[in-house]
Amino acid sequence: MEDTVFQITDARFLSRVIEGIDEISSDGADMMGDVYEYMLGIMAASGTNGQFRTPRHIIRMMVELMRPTLDDTICDPAMGSAGFIMEAAKYITEHQSDELLNIEEKERFRKEIFHGSDSDASMLRIGCMNMMLHDVDEPNLYYRNSLSDENDDTNRYTLCLANPPFAGSLDTDDIAHTLKAAVKTKKTELLFLALMMRMLQSGGRCASIVPDTVLTGDAQAYKTIRSALVDNHCMQAVITMPSGVFQPYSGVSTAIIIFTKTGAGGTDKVWFYDMRADGFSLTTQRTPQPEQNDIPDVISRFHNLEAETDRSRKEQSFFVTADEIRANGYDLSYKRYHEVEREVVEYEAPETIIARMEKRQKTIDAAFAEFKKQVNS
């Protein structure tokens with residue numbers, strides 16, 4: 001909390017705030033965590049600090065896809081308000097509550113599992129408080145530019161969950177030498193993918209949100225990253241999301257890519273899923289529409305990929321072989337491989353259409369002649 005400025009200057013107002021917090025805190029940290037998440041939601045709705053936030057249900061979906069455990073060491077190199085690592089902590093608490101009764105496991109949960117970085121000091125404080133209110137009272141959070149040389153994390157984590165900034169560009173001097181060697185670009189969305197490949201241990205997993213340009217870009221830097229994912233590691237899944245997911249901030253089209261770091265290839269086939277609805281309208285209002293929600297289906301199918309093997313390219317999800325992806329210039333877009341089912345439409349013979357037109361024209365001519373006759377009479 002270094003350099004933090006305390007902005008409540010009215011003594012009476014401060015007293016009311018303290019009394020309100022005291023009443024809430026009597027219900028435990030879970031209630032405090034809920035209140036804090038509500039506050040973050042209000043900030044997100046108003047665009048405070050200009051932060052580009054990941055919707056909570058999308059974070060939860062990604063966490064459920066990756067299923068973190070107490071054996072993981074988890075990192076988000078662009079943590080913001082720490083939504084990903086906080087949700088991972090909640091998932092572990094829900095699914096391994098018995099193991100957390102062990103003192104050693106509890107200490108590891110509190111001090112060792114969760115890591116994050118951000119270059120915005122305000123967001124770092126918010127993220128730190130978020131973690132503390134979810135029973136992770138000593139998280140490893142760092143104030144730094146993750147893409148610079150001050151971040152030397154290599155082969156360290158077993159799981160990365162992130163929504164790195166899109167469409168940003170850095171000065172060459174601000175980019176770590178190892179990332180420059182991996183991909184020649186200044187684009188943050190590519191540099192963060194290269195960073196996560198470096199940060200993961202062999203066998204480590206990653207789920208990251210990327211803009212569509214990462215999947216389809218023709219520039220050499222985009223192809224370098226995609227070929228590294230397919231040829232050097234085990235690329236597992238590409239889940240495209242509807243363009244309204246990040247409303248009201250942006251209508252940008254995005255996808256989730258999931259891969260495992262191997263350093264020796266291993267991509268046999270890649271699973272594609274076209275998520276068309278996420279339980280909310282895709283307008284700026286984002287009103288709930290629970291009947292239109294593909295998220296449960298995404299999670300269910302991802303954890304049962306054996307059943308996806310024989311699905312047609314005309315369906316909402318299917319596999320594509322690594323060889324076919326290479327043959328298509330490492331294009332990772334769903335639309336490239338999806339087959340649109342076209343209905344056969346039979347048209348009448350031209351002679352039939354012409355005959356019908358001639359008949360109608362004769363009727364029109366006769367009516368027009370009768371009209372002229374009546375006018376002139």
Side-chain angles (χ1 to χ4, degrees), residues 54-55 57-58 61-62 65 163-164 166-167 185 187 189-190 192-193 206-231 233-247 249-259 267-283 286 289 292-302 304-305 307-345:
T54 312
H57 62 288
I58 299 297
M61 176 184 75
M62 292 172 65
L65 288 171
N163 178 16
F166 305 159
T185 185
K187 294 185 178 297
E189 62 265 35
L190 299 179
F192 268 102
L193 282 175
C206 176
S208 177
I209 297 175
V210 297
D212 271 5
T213 50
V214 171
L215 307 178
T216 60
D218 290 329
Q220 186 57 47
Y222 291 105
K223 291 184 178 179
T224 298
I225 286 294
R226 295 199 300 266
S227 64
L229 289 169
V230 174
D231 294 338
H233 305 291
C234 183
M235 185 73 189
Q236 293 170 285
V238 177
I239 301 165
T240 62
M241 294 191 289
S243 58
V245 163
F246 287 100
Q247 292 283 18
Y249 308 111
S250 171
V252 64
S253 294
T254 57
I256 299 167
I257 62 170
I258 299 174
F259 69 91
T267 304
D268 178 34
K269 54 188 177 181
V270 178
W271 184 63
F272 287 83
Y273 189 104
D274 183 27
M275 191 176 88
R276 297 163 188 168
D278 67 338
F280 294 84
S281 68
L282 300 176
T283 62
R286 295 288 280 158
Q289 294 182 344
Q292 300 179 23
N293 188 2
D294 288 336
I295 289 178
D297 189 53
V298 173
I299 296 169
S300 174
R301 291 187 181 279
F302 180 77
N304 187 27
L305 290 179
E308 299 286 294
T309 304
D310 298 325
R311 281 172 70 84
S312 164
R313 297 282 181 90
K314 297 176 183 178
E315 299 187 69
Q316 196 168 354
S317 64
F318 50 80
F319 275 112
V320 177
T321 65
D323 288 338
E324 186 175 349
I325 290 172
R326 294 185 186 101
N328 281 281
Y330 294 95
D331 192 313
L332 292 175
S333 63
Y334 171 89
K335 291 180 180 178
R336 165 71 73 171
Y337 308 103
H338 180 237
E339 296 177 3
V340 178
E341 189 168 4
R342 295 178 174 84
E343 294 183 6
V344 177
V345 180

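Source: prediction; values computed, not measured.
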Quiz item: Stepwise, does the side-chain contact (heavy atoms from CB on, under 4.5 Å) test hold for Met241 with Thr254?
Solution: CA-CA 6 Å; Met241 294 191 289; Thr254 57; 3.3 Å; yes

Quiz prompt | Test side-chain contact (heavy atoms from CB on, under 4.5 Å) applied to Asp331 and Tyr337, step by step | solution = CA-CA 9 Å; Asp331 192 313; Tyr337 308 103; 4.0 Å; yes

How many angstroms lie between [atom1] in [X] and [atom2] in [Y], if you round to the nearest 0.5 Å?
X: Ile225; Y: Leu332; atom1: CD1; atom2: CG; result: 11.5 Å
X: His57; Y: Ile295; atom1: NE2; atom2: CD1; result: 4.5 Å
X: Cys206; Y: Leu193; atom1: SG; atom2: CG; result: 7.0 Å
X: Ser317; Y: Met275; atom1: OG; atom2: CE; result: 13.5 Å
X: Ser333; Y: His338; atom1: OG; atom2: NE2; result: 12.0 Å
X: Phe280; Y: Ile58; atom1: CZ; atom2: CD1; result: 9.0 Å

If I compare all heavy atoms of [X] with all of [Y], which pair ends up nearest, and what's the gap?
X: Leu229; Y: Phe259; value: CD2-CD2, 3.6 Å
X: Val298; Y: Trp271; value: O-CH2, 3.9 Å
X: Val214; Y: Tyr222; value: CA-CD2, 3.8 Å
X: Gln292; Y: Ala277; value: O-CB, 3.4 Å
X: Phe302; Y: Leu65; value: CE2-O, 3.4 Å

Do any N or O atoms from the side chain of [X] and from the backbone of [Y] form a donor-acceptor pair under 3.5 angstrom?
X: Thr224; Y: Gln220; value: yes
X: Arg276; Y: Pro242; value: no
X: Thr267; Y: His233; value: yes

Quiz item: Do other residues, nucleotides or ligands put more than 12 heavy atoms under 6.0 Å from the CG atom of Asn304?
Solution: yes

Practice problem: Applying side chain to side chain contact (heavy atoms under 4.5 Å, CB included) between Gln236 and each of Val270, Ile258, Asp268, report the one that passes. | Solution: Ile258

Quiz prompt | Matching residue for Val245 among Ile209, Thr54, Asp278 - test: side chain to side chain contact (heavy atoms under 4.5 Å, CB included) | solution = Asp278

Check: [Y] and [X] side chains under 4.5 Å, non-hydrogen atoms:
X: Thr309; Y: Lys269; result: yes
X: Arg326; Y: Asp231; result: yes
X: Met61; Y: Ile256; result: yes

Practice problem: Decide yes or no on side-chain contact (heavy atoms from CB on, under 4.5 Å) for Phe192 and Val210, but give the supporting numbers first. | Solution: CA-CA 10 Å; Phe192 268 102; Val210 297; over 6 Å; no

Quiz item: Is it true that Glu324 and Arg313 have a side-chain N and a carboxylate O under 4.0 angstrom from each other?
Solution: yes

Quiz item: What do the steps show when you test Asp297 against Gln316 for side-chain hydrogen bond (donor to acceptor under 3.5 Å, both in side chains), and what is the final call?
Solution: CA-CA 10 Å; Asp297 189 53; Gln316 196 168 354; 5.6 Å; no

Quiz item: Taking the six-membered ring for Trp, are the ring centroids of Phe318 and Tyr334 within less than 6.0 Å of each other?
Solution: yes

Exercise. Let me see the working for Thr240 and Lys335 under side-chain contact (heavy atoms from CB on, under 4.5 Å), right down to the final yes or no.
Key: CA-CA 10 Å; Thr240 62; Lys335 291 180 180 178; over 6 Å; no

Quiz item: Are side-chain N/O atoms of Thr321 and Asp323 paired as donor and acceptor at under 3.5 Å?
Solution: no

